[in-house]
Number of protein chains: 2
Amino acid sequence: MATLHDVAKRANVSKMTVSRAINHPGQVRPELRTNILNVMAELNYQPNAAARALVSRRTRVVKLTIFEDMDTTEPYYMMLLAGISNELNQHQYALQLATSNSYKVGECDGYILTGIREKNYAWVEQLSQPVVFFGRTYQDYDYVDTDNYQAIQDSVAYAVQCGYDNLVFVGIAVDAPFELDRERGFQDFVGENHLHSRVIRLANHGHIATDYLRQHWLEFPKNTAFICASDRLAIGIEDGIIQQGGNVPNDYGVVGFDGVFLNQIASKRLTTMKQPLEVMGRAAARLLLAKIAHPQTTEQEKIIINSRLSISESTR
Amino acid sequence: MATLHDVAKRANVSKMTVSRAINHPGQVRPELRTNILNVMAELNYQPNAAARALVSRRTRVVKLTIFEDMDTTEPYYMMLLAGISNELNQHQYALQLATSNSYKVGECDGYILTGIREKNYAWVEQLSQPVVFFGRTYQDYDYVDTDNYQAIQDSVAYAVQCGYDNLVFVGIAVDAPFELDRERGFQDFVGENHLHSRVIRLANHGHIATDYLRQHWLEFPKNTAFICASDRLAIGIEDGIIQQGGNVPNDYGVVGFDGVFLNQIASKRLTTMKQPLEVMGRAAARLLLAKIAHPQTTEQEKIIINSRLSISESTR
DNA sequence: CTGTTAGCGCCTTCAG
DNA sequence: CTGAAGGCGCTAACAG
């Protein structure tokens with residue numbers, strides 16, 4: 001592996017000049033600089049991350065903590081992970097995946113946090129490194145999220161446009177910002193447009209949605225669209241409709257939320273609000289790296305990324 | 001953050017002695033050593049990974065490459081990841097997640113490889129760092145895997161014990177060791193026990209299994225058990241049976257394979273061969289770290305971990 | 001068994 | 001704009 005020293009010798013300059021050519025390009029004469037860059041390319045020079053880490057007192061590690069049972073972890077975390085690591089790789093940063101029981105082990109330069117519960121906030125507040133959340137929180141931390149409010153509005157608008165005239169929002173029974181935003185998006189839309197509507201809240205399990213539908217089947221006339229807060233619920237609803245003899249999508253529409261993996265599993269592929277998770281992962285990583293580089297910034301950063309409706313077989 | 005120097009001063013020894021107390025305990029007088037350890041604890045000393053990496057010419061990074069579309073990635077990778085990182089964290093190692101388009105970026109001390117295709121072997125062979133595969137390959141690389149042969153035998157044995165007398169193996173139409181092992185496990189078992197049986201091979205998608213079942217429904221009498229090579233197929237089969245009016249589990253049994261996440265989605269929760277993925281991930285990481293520490297070892301290491309049948313609602 | 005010396009590769013600081 | 005010196009925290013190699 002080529003080092004600064006090798007490049008310097010070959011380019012007839014000192015190590016420092018090479019170092020500067022990389023980190024402070026403005027401080028090196030342009031011609032010299034291009035020459036150095038050429039030599040670097042020739043030698044396939046790669047800066048040594050450990051040496052940089054040592055001198056800059058950085059670990060070059062970012063920790064991603066997922067405060068959820070891995071067992072029940074949504075598959076979409078994989079996409080998120082892919083996005084995060086793609087971005088980190090480009091900056092010679094490595095990842096440390098921490099789970100709810102190991103989140104205190106090891107050093108890092110910053111954290112990407114997700115699935116946080118109330119009781120973890122004390123730990124978060126005491127962290128000295130910068131933090132970025134995946135998903136909005138109640139606190140004033142930086143975060144990356146989809147526009148849940150807008151996304152549900154788009155879903156409902158689409159359902160209405162399909163001609164469904166009874167709108168049901170199937171929410172997740174949890175007191176979290178993402179859920180409240182989605183619910184509010186629904187309420188506002190049906191309110192403004194004077195639509196028949198209803199909101200139900202269920203635990204986020206397919207079979208619970210199926211059971212609910214069985215028990216309340218008669219309350220849902222033809223031409224009902226179910227706007228669901230997750231693909232799990234959407235699949236459960238869809239199964240329930242089919243088991244009750246309902247026709248999807250002609251008499252009943254189903255719209256999911258997430259758009260990763262699960263929508264491929266449904267018997268009628270789900271129309272779903274697809275979150276660009278890879279992009280969101282990258283954004284979270286980029287934001288965190290920026291904060292690591294410039295820790296002084298004080299204002300809260302919010303990155304809102306738009307979801308896109310992926311239309312499939314569960315709506316007409 | 002405390003350094004070797006701080007500990008040394010406080011313990012009235014040189015840095016080297018402290019270093020040795022950590023890395024070569026045998027070379028330090030026992031009493032001195034315990035004293036040093038105490039001081040380390042007092043100061044909450046954590047060795048600086050970057051400095052170690054620099055001097056030992058290691059990166060302290062392990063790369064995990066997943067040669068699959070993240071989009072269709074099985075959710076169980078999350079469990080695998082959890083296992084790997086739990087083990088790495090304990091050894092001050094970080095992770096670098098590489099996907100099929102970024103697998104050449106960055107340095108590392110070793111690789112955990114999965115989802116490899118024929119065309120990637122050239123790249124693998126040219127790697128200078130140690131490699132561990134997740135899942136057996138055709139080549140003589142070290143690997144961690146479940147005992148696919150045994151697992152399917154157990155599945156069939158259980159189905160027989162349930163009283164199903166027509167056994168159908170629903171395999172994945174792919175020419176891979178894991179699949180051939182599973183198929184062989186099935187064939188050997190039904191052969192030795194002179195059972196009615198049949199093997200079909202399908203692309204690994206739920207709806208394809210459902211379609212297949214619809215088209216061939218009449219060929220499957222009551223008392224048939226479907227032993228599936230994946231939970232996706234199992235869910236598809238189960239859906240198909242139910243749509244044809246068949247009774248699960250009374251008249252038809254379904255057994256899946258994997259046991260992560262998907263089995264929770266099925267309308268009748270799947271009986272499935274549950275792979276201990278967290279454990280497998282840890283094992284892979286541990287094996288790799290051992291190879292990094294002792295690169296000379298030449299013999300192929302195979303770690304085979306047993307799966308366990310998780311009995312649920314899709315068998316009687 | 002313990003200490004001293006030197007250096008891993010890079011960057012900050014200070015001279016030129 | 002460029003170079004020389006020194007040190008980040010740790011450990012291998014050699015003295016004692």
Side-chain angles (χ1 to χ4, degrees), chain A residues 1-37 39-40 43-61 91-94 106-109 292-295, chain B residues 1-37 39-40 43-61 91-94 106-109 292-295:
Chain A
M1 204 69 261
T3 73
L4 264 195
H5 184 82
D6 303 330
V7 178
K9 242 182 2 198
R10 179 88 154 251
N12 280 317
V13 291
S14 74
K15 293 195 297 180
M16 266 326 295
T17 308
V18 180
S19 174
R20 276 196 274 259
I22 299 169
N23 302 308
H24 307 284
Q27 301 179 15
V28 179
R29 195 157 25 94
E31 27 189 312
L32 228 187
R33 197 172 99 79
T34 50
N35 180 35
I36 290 174
L37 291 180
V39 174
M40 278 173 34
L43 267 47
N44 186 28
Y45 168 75
Q46 303 283 119
N48 179 313
R52 276 189 169 176
L54 182 58
V55 67
S56 63
R57 299 152 155 291
R58 294 255 168 81
T59 62
R60 302 202 83 81
V61 169
H91 298 270
Q92 287 204 58
Y93 258 81
E107 306 286 301
C108 68
D109 294 344
I292 291 171
H294 310 289
Chain B
M1 205 70 258
T3 71
L4 263 197
H5 184 81
D6 303 330
V7 179
K9 242 184 356 196
R10 180 88 153 248
N12 281 318
V13 292
S14 73
K15 292 194 298 180
M16 263 326 290
T17 308
V18 180
S19 174
R20 277 194 274 257
I22 299 169
N23 302 307
H24 307 284
Q27 302 179 16
V28 179
R29 191 159 27 96
E31 28 188 308
L32 228 188
R33 197 173 98 79
T34 50
N35 180 35
I36 290 175
L37 291 181
V39 175
M40 276 172 35
L43 267 46
N44 186 28
Y45 168 76
Q46 301 283 120
N48 179 314
R52 278 189 166 174
L54 182 59
V55 68
S56 63
R57 299 157 154 288
R58 294 252 170 83
T59 62
R60 302 203 83 82
V61 169
H91 297 271
Q92 286 204 61
Y93 258 80
E107 307 286 303
C108 69
D109 294 343
I292 290 172
H294 310 288

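Each chain gets a letter, A, B and so on, in the order the sequences are listed, and its residues count up from 1.
- Considering OG1 of A/T17 and CD of A/Q27, their distance stands at 10.5 Å, rounded to 0.5 Å.
- Five base pairs at each end of the helix from C/dC1-D/dG16 to C/dG16-D/dC1 define two local axes, and these are offset by 40° (rounded to 10°).
- Partner of B/R20 under the side chain to side chain contact (heavy atoms under 4.5 Å, CB included) criterion, chosen from B/V28, B/I36, B/L32: B/V28.
- When the P atom of C/dT2 is taken as reference, atom NZ of B/K9 falls 21 Å away, rounded to whole Å.
- Read 5' to 3', the first and last nucleotides of DNA chain D with an atom closer than 4.0 Å to a heavy atom of chain B are D/dG9 to D/dA13.
- Note that the OG1 atom of B/T3 and the CG atom of B/N48 stand 9.0 Å from one another [nearest 0.5 Å].
- Atoms CG (B/N35) and C1' (C/dC1) sit 15 Å apart, rounded to a whole Å.
- You'll find the side chain of B/R57 stays beyond 4.5 Å of the side chain of A/M1, heavy atoms only.
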Listed pairs, N/O of protein and of nucleotides 6-10 of chain C, under 3.5 Å:
unit_1: C/dC8; atom_1: O3'; unit_2: B/R57; atom_2: NH2; d: 3.3
unit_1: C/dG9; atom_1: OP1; unit_2: B/R57; atom_2: NH2; d: 3.0
unit_1: C/dC10; atom_1: OP1; unit_2: A/Y45; atom_2: OH; d: 2.5
unit_1: C/dC10; atom_1: OP1; unit_2: A/N48; atom_2: N; d: 3.1
unit_1: C/dC10; atom_1: OP2; unit_2: A/L4; atom_2: N; d: 2.5
unit_1: C/dC10; atom_1: N4; unit_2: A/K15; atom_2: NZ; d: 3.2

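- You'll find the side chain of B/V39 stays beyond 4.5 Å of the side chain of B/Y45, heavy atoms only.
- Of all the heavy atoms in A/A50 and B/A53, the pair that sits closest is CB-CB, 3.6 Å.
- Pairing each heavy atom of A/A11 with each of A/N35, the nearest pair is O-ND2, 4.1 Å.
- Contact record, B/Q92 with B/P47: NE2-CG, 3.5 Å, taken as the closest heavy-atom pair.
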If you apply the rule side-chain contact (heavy atoms from CB on, under 4.5 Å), what do you find for A/N23 with A/R52, and how did you get there? CA-CA 11 Å; A/N23 302 308; A/R52 276 189 169 176; 3.7 Å; yes
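- Proximity of B/V61 to A/R60: side-chain heavy atoms (C-beta onward) are nowhere separated by under 4.5 Å.
- Rounded to whole Å, atom C1' of C/dT12 lies 7 Å from atom CE of A/M16.
- The residue B/S14 sits close to a base: some heavy atom pair falls under 4.0 Å.
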